[in-house]
Amino acid sequence: MATKTAAPTLRDRLRAQLADLKMPGALEALDDILAALDGGKLQAPAAVEALLGAQIALRNNRRLQAAMRSSRLPAVKTLADFDFSFQPSIKREQLESLHTLGFVERRENVILLGPPGVGKTHLAISLAVAAAESGRRVYYGTLGDLIASLEEAQQAGRLAQRLKTLVFPALLVVDEIGYLPVSRTGAMLFFQLMARRYEHASTVLTSNKSFSEWGEVFGDEVMAAALVDRLVHHCHIVNIRGNSYRMRNHAELHRDLRSAFTPQAGDDESTIRRRNGRREVTAR
Ligand code: ADP
Ligand code: MG
């Protein structure tokens, strides 16, 4: 190889330096980067960027692996995997800007609202992944999970400890507000948690219910109003109006399902039965 004969000692010194600095990502990328430099495919500044970038990518990946073990994130989702063309009600710039994590720095909240399947959990996780990669502590739970863990801790006389654990992360995801009803004690415990996190650390929340329906979700209008008041004080609201991504390939099935269950003018029993039969075949 050209570099080896031209400057073998320099390459060896670089290797030793990267090893000494404990930069295995950069060390592994070194040969390819030097070859690209030699081949004129890279300029020096770009080569430096590529070398540091390789190390940063490795470090971020390690941080994410560690976070996946402790944060209870159910999957890895990223903004790069998100198809904005499918969800035109979402402003790409707003989401890109949120992923630079200024809101975490400023201890602000993010609330993702919208019907099922529109990407609320995806985006909440991708924010948590970005925060984990940046070295921040993150934690994920559905509202149901978080409340169950608080109730359990309370019964075991360890509520203070549990609250402390959930107040600590720089970013907490509270997913699925509104799918399941919340008990009165559960609502009060969750309120305590949010009151403690208020202006202390960021929370990303998702809900299929509008704020006006949160009173019903939490079984207490006054408490829900106080909760929403704190949450939206320093808050970015992402309102998603669109179709379910889960159902994107099933437009036809949807139509069939709808017509199967909705008898149309002029239908007799055998037409409906035939249509239902077709539905079963299609659905399978
Ligand atoms: P919600 O939480 O709003 O019910 P999810 O975030 O769980 O919806 O999305 C359902 C599935 O579809 C997930 O696997 C998610 O990754 C995927 N998804 C949703 N919206 C998009 C999108 N715009 N681009 C790519 N994948 C998407
Ligand atoms: Mg969801």
Side-chain angles (χ1 to χ4, degrees), residues 60-61 64-65 67-68 71-101 103-104 109-133 138-149 166 169 171-182 186-187 190 193-194 197 202-214 216-218 224 227-228 231-232 235-255 257 283:
N60 288 359
N61 198 4
L64 183 58
Q65 296 308 322
M68 290 309 290
S71 66
R72 304 206 170 216
L73 280 169
V76 175
K77 303 273 178 182
T78 65
L79 195 61
D81 309 329
F82 194 80
D83 179 1
F84 281 94
S85 66
F86 187 80
Q87 218 54 264
S89 70
I90 299 182
K91 289 190 217 91
R92 188 188 200 116
E93 312 77 67
Q94 183 190 21
L95 266 298
E96 281 174 353
S97 149
L98 286 173
H99 281 75
T100 63
L101 304 174
F103 79 97
V104 178
N109 300 321
V110 174
I111 304 186
L112 298 144
L113 297 171
V118 293
K120 302 183 297 296
T121 300
H122 185 126
L123 293 169
I125 292 176
S126 68
L127 287 170
V129 164
E133 286 180 336
V138 307
Y139 196 83
Y140 170 96
T142 63
L143 178 67
D145 291 343
L146 292 170
I147 286 179
S149 86
L166 292 175
L171 192 152
L172 172 71
V173 176
V174 182
D175 203 5
E176 300 187 356
I177 295 176
Y179 284 118
L180 296 172
V182 174
F190 181 66
L193 172 62
M194 287 299 110
R197 288 187 64 84
S202 295
T203 307
V204 174
L205 307 101
T206 83
S207 182
N208 63 327
K209 297 266 163 57
S210 63
F211 292 133
S212 60
E213 296 168 294
W214 281 29
E216 227 172 277
V217 173
F218 290 99
L227 176 67
V228 170
L231 288 178
V232 304
C235 179
H236 305 263
I237 295 174
V238 181
N239 225 323
I240 314 177
R241 278 167 260 97
N243 295 319
S244 167
Y245 192 82
R246 294 191 188 98
M247 298 292 186
R248 68 197 180 287
N249 296 324
H250 302 302
E252 214 174 285
L253 170 62
H254 260 199
R255 264 197 311 277
L257 280 168

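Counting convention: from 1, in listed order, for ligands and their atoms alike. All heavy atoms count here, side chains included; hydrogens, waters and symmetry mates do not.
Between Gln87 and ligand 1, no pair of N/O atoms sits closer than 3.5 Å. At least one N/O-N/O distance between Gly119 and ligand 1 falls below 3.5 Å.
Contact annotation: the side chain of Leu123 never approaches that of Val110 to less than 4.5 Å [non-hydrogen atoms, C-beta and beyond].
At a 4.0 Å heavy-atom cut-off, ligand 1 touches Asp81 through the backbone alone. At a heavy-atom cutoff of 4.0 Å, ligand 1 is contacted by both the backbone and the side chain of Phe82.
Residue contacts with ligand 1 do not include Gly114, since none of its heavy atoms lies under 4.0 Å from the ligand. Residue Val118 places a heavy atom under 4.0 Å from ligand 1.
Between atom 23 (N) of ligand 1 and the options Asp83, Leu112, Thr78, Thr206, the minimum heavy-atom separation is to Asp83. Comparing His122, Lys120, Arg248, Arg246 by heavy-atom distance to atom 10 (C) of ligand 1, the nearest is Arg246.
Side-chain atoms of Lys209 come within 3.5 Å of backbone N or O of Gly178 as a donor-acceptor pair. Although no hydrogens or angles enter the test, the distance criterion places a donor-acceptor pair under 3.5 Å between the side chain of Ser207 and the main chain of Ile177. At least one donor-acceptor pair closer than 3.5 Å links the side chain of Ser202 to the backbone N or O of Phe103. Side chain of Asn109 to main chain of Leu231: a donor-acceptor pair is present (N/O by atom type, distance under 3.5 Å, no hydrogens or angles). At distances below 3.5 Å, not a single donor-acceptor pair connects side-chain atoms of His122 with backbone N or O atoms of Leu79. Using modelled atom types, one side-chain atom of Arg197 and one backbone atom of Pro169 make a donor-acceptor pair closer than 3.5 Å.
Shown in contact with Pro116 at under 4.0 Å from a heavy atom are these atoms of ligand 1, numbered in order with element: 4 (O). Atoms of ligand 1 found under 4.0 Å from any heavy atom of Lys77, numbered from 1 in the order shown, are 13 (C), 14 (O), 15 (C), 16 (O).
Closest non-hydrogen pair, Gln87 versus Arg241, comes out as OE1-O, 4.0 Å.
Here the CG atom belonging to Leu127 is positioned 7.0 Å from the CG atom belonging to Leu95, to the nearest 0.5 angstrom. Rounded to the nearest 0.5 Å, atoms OG1 (Thr142) and OH (Tyr179) are 11.5 Å apart.
With hydrogens and angles left out, the side-chain atoms of Ser210 and Glu213 include a donor and acceptor closer than 3.5 Å.
Legend: protein N/O/S atoms lying under 2.8 Å from the Mg ion (ligand 2), waters omitted, number 1.
Few gaps surround CD on Gln65; more than 12 heavy atoms of other groups in view lie less than 6.0 Å from it.
Distance from atom 4 (O) of ligand 1 to its nearest protein heavy atom, with residue and atom name: Gly117 N, 2.7 Å. Counting only heavy atoms of the protein, atom 18 (N) of ligand 1 lies nearest to Tyr245 CD2, 3.2 Å.
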